[in-house]
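Residue numbers begin at 1 in each chain, while the letters A, B, ... track the order of the sequences.
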There are 2 protein chains.
Amino acid sequence: MTFMTAARTTPADPPQLGLRERKKIKTRQAIRAATYALIEEQGYDATTIEQIADRAEVSPSTVFRYFPTKEDIVITDAWDPVMTEELRTRPLDESWAATLRHVMRTALDRSLAEEPEVTRLRTRLGVEVPAVRARMIESTAATGRLLRDALAERSGLDPDSLELRVFAMSVMGGLMEVSHYWAETGHRDDIRDLVDRALDVLEHGLPTGKA
Amino acid sequence: MTFMTAARTTPADPPQLGLRERKKIKTRQAIRAATYALIEEQGYDATTIEQIADRAEVSPSTVFRYFPTKEDIVITDAWDPVMTEELRTRPLDESWAATLRHVMRTALDRSLAEEPEVTRLRTRLGVEVPAVRARMIESTAATGRLLRDALAERSGLDPDSLELRVFAMSVMGGLMEVSHYWAETGHRDDIRDLVDRALDVLEHGLPTGKA
DNA sequence: CCGCGAAGTGGCGGTAACTCTCATAAGCTT
DNA sequence: AAGCTTATGAGAGTTACCGCCACTTCGCGG
């Protein structure tokens, strides 16, 4: 579930990490920062790995060591563990829609608070750059599997059954579209409201009735 | 909507096309055939454009003239126009699920009849090769827009509203998963049954109740 | 039936995202 | 401080894809 997420950066984690670890984190951040800056300046396609490496003051090889693909630099989702945790802490008898509502809101609040610009840039790129969108969808699909497991627990259905898989992916498809809509309309709305509306649709069908 | 589709090949279209046109069609088919053969032999990644060009007896440049990307050689979807037509001919008061059921069945019947092997290979590649999957999803999203318009007509809702967009994409997400499931389970089931079951879920929610 | 414009093709050089390998350097351990 | 581990840089190689130019082939009007 990449599309609206922040990567962990600010939270105080410099307790007793070795110099090595701290340097790695710094490098990682430097690469991401360089990438975002360059993309804002020149656009995604025009930004090459070499430029990113230069600005981050590392070698191109190092960039690839930290991120498997260019898209991944943009995406960097530290979110799935958070979501897993959130999902797990919700009461089992809560409706899936309520659970999702809660989980999404938590994630979005955090993401918007920590890195609002990045969050927006990311969804924008998801609309504009096919490769980024593709990568995001992969990530969303992974989250869908999490959701599937949660739904399986709640419903007693087999998580590998066609029914549950279809259901989970359909929900994720709907949520994907929210991100798309948000970016396409210039981030005009509060995405949390959009998510709420989307969940209404997913839960009860289209407003006018038949669904 | 690529994932389960056949490209038009066999239907008799050699009425009075110029030599040029006929050659183009032949070249196109040759490239596709070469690609499928090579992929069966060696796998997708191991198959290079050069090999494809060699076997199809054209130059690499020509391959790219016919298909914008390697994935597109595999995908080649002549289906959207067919789907549009089908959607249009259905009565407006039919439920969306019934319409989709009909449209999907028509398409699948044709696809399975014309190019069963290719249909299977394609869905398999959709599972195995991220790039192909990505391309398929794009195609599915396009079909989603078609569906959206059809739903707008039927419901009177604004096709650009968040609600309708979310709904349409959620349906497409569910259908995508069917293709994935079909391929993952080794094409054991009849995909048309799977689609029916998926549409049941999308229409009525999960079997055991809460949805 | 011929010649001329248009369209299809091949070849080539370039770019950029990756991958692999190897040597060096930097951090960690005892 | 020596020695092991791990991160880094440099370079060479692969491959998808793009743009350009020259050549052939086709189809049409005179």
Partners of B/Arg90 by side chain to side chain contact (heavy atoms under 4.5 Å, CB included), sequence neighbours excluded? B/Glu94, B/Thr99, B/His102, B/Arg154
A/Arg135 CZ to C/dC18 P, straight-line distance once rounded to whole Å: 11 Å
Hey, is the side chain of B/Lys23 poking within less than 4.0 Å of OP1 or OP2 on D/dC26, counting only N and O atoms? yes
Rounded to whole Å, the NZ-P distance (B/Lys26 to D/dC26) equals 11 Å
Nearest whole Å is fine: how far is D/dC17 P from B/Ile31 CD1? 14 Å
Write down the distance between CZ (A/Arg22) and C1' (C/dA26), rounded to a whole number of angstrom. 14 Å
note: B/Glu50, atom CD; D/dC17, atom P; distance rounded to Å ~ 14 Å
Nearest to the side chain of B/Arg20, heavy atoms from C-beta on, is which of C/dA17, C/dC28, D/dC26? D/dC26
Quick one: are B/Pro116 and B/Thr119 in side-chain contact, heavy atoms under 4.5 Å? no
Tell me, please, whether A/Tyr44 has A/Lys70 positioned over its six-membered ring: NZ or CZ under 6.0 Å from the ring centre and within 45 degrees of its axis? yes
Do A/Asp190 and A/Leu194 make a side-chain contact, defined as non-hydrogen atoms from C-beta onward lying under 4.5 Å apart? no
Between C1' of C/dA17 and CG of A/Asp45, the distance in whole Å: 12 Å
For the pair made of CG in A/Leu19 and P in D/dA7, what is the distance, rounded to whole Å? 13 Å
Which residue in the set B/Arg165, B/Arg145, B/Arg148 passes salt bridge (charged side-chain N to carboxylate O under 4.0 Å, His left out) when paired with B/Asp160? B/Arg148
Please list, in numerical order, the residues of residues 51-71 of chain B that have a heavy atom closer than 4.0 Å to any atom of DNA chain C. B/Val58, B/Ser59, B/Ser61, B/Thr62, B/Arg65, B/Tyr66
B/Ile73 side chain near B/Val63 side chain, heavy-atom distance below 4.5 Å: yes
Any salt bridge linking A/Glu138 with B/Arg133? Criterion: basic side-chain nitrogen under 4.0 Å from a carboxylate oxygen. yes
So if I take every side-chain heavy atom of A/Ile49 and compare against C/dA17, D/dT15, C/dG8, which nucleotide ends up nearest? C/dA17
Rounded to whole angstroms, how far apart are CD on B/Glu21 and C1' on C/dA7? 10 Å
